[in-house]
Amino acid sequence: MNYWLFKSEPDEYSIDHLKTDKKCLWEGVRNYQARNIMRDECQKGDIILYYHSSTKETGIYGLAIINQTGIADPSQFDKNSKYYDPKATKEEPRWICVEVKYKKKFKSPILRDELKENKKLKDLMLLQKGSRLSIQPVSEKHAKIILEMLK
DNA sequence: GCCAACGTTGGC
DNA sequence: GCCAACGTTGGC
């Protein structure tokens, strides 16, 4: 089982949205590195650390689960979508996404500042300079350290 | 709102 | 295939 960190702008789609929806397609990712992770590495049952970015209090707000993999992102075919990709075809979809299932929202988030203060997390990809990949792998070691901070 | 760090595009 | 120009991300 793997751990991932998924970034989302709460104005776009917050953990509360996911809680209401129960499930959602992680569509609209238009970065090849992030796509490759979703396409090749994410497995059903993997744990997602749900991160709020581009907001006042950035941090990890809860957990989700990879519910289904290998789904062609429908927005690539939708001419009205800002994620429309004219080069994608149904036969050869370019953007593959996953379905995400809500697991829990933390009583209080683990803020970025708290992650930064934890010396054991200095190698966490999220905290590296210039790190802006929206889907990141999190090692089991790091994941356990992070989840331990909830207590 | 600024801007550093990335990623992508397209002319050559 | 190089790389300048442009676009985007996301912390601050």
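In the text below, chain A, chain B and the rest are named by the order of the sequence lines, each starting its count at 1.
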Find the distance [X]:[atom1] to [N]:[atom2] and express it as a whole number of Å.
X         : N       : atom1 : atom2 : answer
Arg112(A) : dT9(C)  : CZ    : C1'   : 12 Å
Lys7(A)   : dT8(C)  : NZ    : P     : 17 Å
Leu133(A) : dA4(B)  : CG    : P     : 22 Å
Lys56(A)  : dC12(C) : NZ    : P     : 15 Å
Leu127(A) : dG11(C) : CG    : P     : 10 Å
Gln33(A)  : dT8(C)  : CD    : P     : 18 Å
Glu12(A)  : dT9(C)  : CD    : C1'   : 13 Å
Asp11(A)  : dG10(C) : CG    : C1'   : 13 Å

Presence of Lys129(A) side-chain N/O under 4.0 Å of dA5(B) phosphate oxygens OP1/OP2: yes
Any Tyr51(A) side-chain N or O less than 4.0 Å from OP1/OP2 of dG11(C): yes
Aromatic ring pairing Tyr61(A)/His52(A), orientation class (parallel under 30°, perpendicular over 60°, tilted between): parallel
Taking the side chain as every heavy atom from C-beta outward, state whether [X] and [Y] have any atom pair closer than 4.5 Å.
X         : Y        : answer
Phe106(A) : Leu63(A) : yes
Tyr83(A)  : Glu27(A) : no
Asp73(A)  : Val29(A) : no

Closest to the Asn31(A) side chain, choosing from dC12(C), dG10(C), dG7(B): dG7(B)
Sugar-phosphate only, base, or nothing, as touched by Thr58(A) at under 4.0 Å among non-hydrogen atoms: sugar-phosphate
